[in-house]
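Below: the structure, in structure tokens.
Protein chains get the first letters and strands the later ones, always in sequence-line order, with residue 1 at the start of each.
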Amino acid sequence: MAKTPQKNQAAPSGKTAGQDDKGSAPSSDRLHGHTQVTDDAPGKPELYDASEDEMLEFYRQMLLIRRFEEKAGQLYGLGLIGGFCHLYIGQEAVAVGLQSALNGDLDSVITGYRDHGHMLAYGLDPKVIMAELTGRQAGISKGKGGSMHMFSVEHRFYGGHGIVGAQVPLGSGLAFAHKYRGDGGACLAYFGDGAANQGQVYEAFNMAELWKLPIIFAIENNQYAMGTSVNRSSAEDQMFRRGQSFRIPGIQVDGMDVLATRGAAELALEHVRGGNGPIILELKTYRYRGHSMSDPAKYRSREEVQEMREKSDPIERLKAKMIADGHSEDDLKKIDKEIRGIVSDAADFAESSPEPDLDELHTDVLVESY
Amino acid sequence: MSTTKMHAIQGVNAALHQAMAEDEKVLVLGEDIADPEGGGITGAAQGLSTKFGDRVRSTPISEQAIVGAAIGAAMAGYKPVAEIMLMNFTTVAMDMIFNHAAKLRFMSGGQTSVPIVIRTLTGAGWQTAGQHADHLEGWFAHAAGIKVVAPSSPADYKGLMLSCIQDPDPCIFIESAGTMFIPSEVDDDQGPIPLGKARIVQEGTDVTLVTWSSQCIRAQMALEGFAEAGVSVELIDLRTISPWDRETVLASAQKTGRVLIAHEAVRDFGPGAEIAATINEELFGKLKAPVRRLGAPKCPVPFAKALEDAYIVQPADMIAAVKGLMS
């Protein structure tokens, strides 16, 4: 297939994609309704046509993540959570939109260290997630992994990984298992714009396409690789094109719009389930907080963050749509109240449950023991 | 002589400023390391990019490329100082470090050298868990062709960093979290401190305690406990793990006849085993007790605070071990 420079298939200006976007600073204007696809993409994703119940569930889940993360930030400030803690605030529409499209009994998920939101989007009990953050025996990894290393193998959620980009080859292995077993499942492997500059990611791309593995490489482009902006760290900052030399098609959507992320997930899942090999989904999003709790984020302006919050907030955007569709503010306030209760209970549980027994140092090191 | 009170990282920062000013071949690269990104995760590179411009580069999150580029530039005559943000991330670049930086001089028959410094931060105690806190000095000390340096005091941070930069061979420079928060006076004209030379922190006659990096700090916290127990401890800060100062350690061991080695790394197959084996080989029959080692249990660094505290060798563990050696 000829690989001529791509046409921007979505931007109303009709300018050539890539050239004009390259090096652009984060801005809401470049997100809303902005979709780009490679020439070999299976199509252009559409906004998901959600039912009323689905919209409510998206709203509920995004709000749960937001409030949970705010609480985690508070507990961190109080010294109840130690170590590194990477909050998902601002990026909620990515995990909720993508994971809502999965078959929970079949598909697998793997991600990096900014993983609380992905756990919550799975419907996992916020109590055991928060208890992991506070390092308690009741935590989902018995307090041994903490914020960055969460697992729920029962739900086919394979972590929570602390080494930038390392989850991507692991995701290929999960996808290989789906294909080998012939179970029709797919792997959703998340990583960030920073991890996209790890060499092992490209080894995984090559293998996944070569073996036509059912894997969605979901690049959560929050526009900062730790403290270095994507423009200062990436020669090709249009991440959806990063698979082109491996013949992996790519789609870029507004990651601050849950209906856009869900719509893109539908198209991507259809592609990978159809035996067509991997696909890249670039979700352009934005994290409001620092890279981790210890990052004051001095590398960007307050105005930039404020603009994104005001114009692109994924929860406010969905809320506005729901109200326009006839939902009453009171109904949504009831959800807000319910979520605050759930998060408050999770925090109480996480603060009051016991710490691990010291014998835990010697358990789970091997299947048996030394 | 004038002095300045500084933290360990300020010692590194002072060394980098001095080395870059003295030698235009010194380059600095690493993730988030330029001033717009804050001068590195600990601020060790603060001010460098403002002062030295393009000689200081914030890189993508690409450890293999960071170390690879440093090696290439080194072979072409430069002296790169690469920051690998955390020591666990050196494992991502292990091929570059172990198969390339360490071996190219030997395999080229001495035609090239690889004068790079890899600065890297680590250390348990901050609940960063299994992928961000390991002390891996033993991995690198096992490799032929690399020097491994792990200071504990601000003056040593500065002086040993200056030596690593001047050294013609690859050096791993370990910056341990446990050493970072105790400021002390450093001579303003503090120059290079020779690699491979230990420092006797306190002289003693009953027990030789060999430590480095964060465990030297914890050993200093135990000094009062040793005194209360009536044991005269000679505390040695090894400072360089490879090559290590056999002369100083063996002389002390011969004098006291009792040796305790304490390191933050996992005890089994740790650097302490090499030191203990050497002492046994050289001083068998002259020791008053078997050489003892303290190190972490064979367990990944745990997250939960209670587990992490139990994982790290604490001052109380050293006091108990020293008493045990005397009984």
Side-chain angles (χ1 to χ4, degrees), chain A residues 79 81-85 113 132-137 139 141-149 161-166 192-200 224-230 232-235 291 294-299 354-366 370, chain B residues 30-43 46 57-68 84-93 95-96 124-134 177 266 268 296-312:
Chain A
I81 295 173
F84 292 129
C85 186
Y113 39 77
E132 186 62 31
L133 296 183
T134 55
R136 306 305 166 107
Q137 182 77 42
S141 301
K142 299 188 210 169
K144 293 178 173 187
S147 165
M148 298 182 285
H149 316 109
H161 295 270
I163 303 294
V164 171
D193 48 289
N197 291 325
Q198 281 280 340
Q200 59 188 331
Y224 288 90
M226 295 186 292
T228 307
S229 73
V230 69
R232 275 174 62 83
S233 62
S234 297
H291 168 71
S294 50
D295 169 20
K298 288 182 179 163
Y299 41 79
E355 293 196 293
D357 193 278
L358 296 190
D359 287 344
E360 289 289 352
L361 280 176
H362 306 287
T363 64
D364 307 321
V365 179
L366 299 176
Y370 281 110
Chain B
E31 294 159 13
D32 284 358
I33 208 166
D35 287 328
E37 287 81 34
I41 186 174
T42 58
Q46 267 173 15
R57 298 289 180 110
S58 274
T59 64
I61 305 175
S62 306
E63 285 83 6
Q64 296 173 74
I66 293 168
V67 179
I84 297 297
M85 186 174 277
L86 292 173
M87 191 159 206
N88 282 82
F89 310 161
T90 63
T91 63
V92 178
D95 170 61
M96 282 296 157
W126 305 93
Q127 285 195 268
T128 53
Q131 294 174 337
H132 288 76
D134 283 310
V266 168
D268 295 12
K298 199 160 179 131
C299 162
V301 182
F303 169 72
K305 189 68 191 150
L307 295 181
E308 193 188 37
D309 286 345
Y311 173 91
I312 299 167

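- Most heavy-atom pairs under 4.5 Å with chain B, from the set A:Gly146, A:Ser233, A:Ala196: that is A:Gly146.
- When A:Lys144, A:Glu355, A:Met226 are compared by the number of non-hydrogen pairs under 4.5 Å with chain B, A:Met226 comes out ahead.
- Atom CD of A:Glu132 and atom CZ of B:Phe303 lie 7.0 Å apart (nearest 0.5 Å).
- Of all non-hydrogen atoms in A:Ala225 and B:Ile61, the two that sit nearest each other are CB-CD1, 3.8 Å.
- Using a 4.5 Å cut-off between heavy atoms, B:Pro36 touches chain A through backbone and side chain atoms alike.
- Heavy atoms closer than 4.5 Å to chain A are found in the side chain of B:Ala34, but not in its backbone.
- Within 6.0 Å of NZ in B:Lys298 there are more than 12 heavy atoms belonging to other residues, nucleotides or ligands.
- For chain B, no part of A:Asp364 is nearby; none of its heavy atoms comes within less than 4.5 Å.
- Taking chain B as the reference chain and counting heavy-atom pairs below 4.5 Å, the highest number among A:Leu358, A:Thr228, A:Val230 is found for A:Thr228.
- Ring pair B:His132/A:His149 is tilted by interplanar angle, where 30° to 60° counts as tilted.
- Between the CD atom of B:Glu308 and the CG atom of A:Leu361 there is a distance of 10.5 Å, given to the nearest 0.5 Å.
- Proximity to chain B is absent for every atom of A:Ser234, based on heavy atoms less than 4.5 angstrom apart.
- Of all non-hydrogen atoms in B:Asp32 and A:Gly227, the two that sit nearest each other are OD2-N, 2.8 Å.
- B:Ala129 and A:Gly145 get closest at one heavy-atom pair: CB-O, 3.5 Å.
- When each of A:Glu360, A:Lys298, A:Arg232 is scored by its heavy-atom pairs under 4.5 Å with chain B, the top score falls to A:Arg232.
- Taken to the nearest 0.5 Å, the CG atom of B:Leu307 stands 8.0 Å off from the CD atom of A:Gln137.
- For A:Gln198 and B:Glu63, the side-chain atoms include at least one donor-acceptor pair closer than 3.5 Å.
- From A:Asp295, atom CG reaches atom CD of B:Glu37 across 11.0 Å, with rounding to the nearest 0.5 Å.
- With A:Asn197 contributing its side chain and B:Ser62 its backbone, the two residues share no donor-acceptor pair below 3.5 Å.
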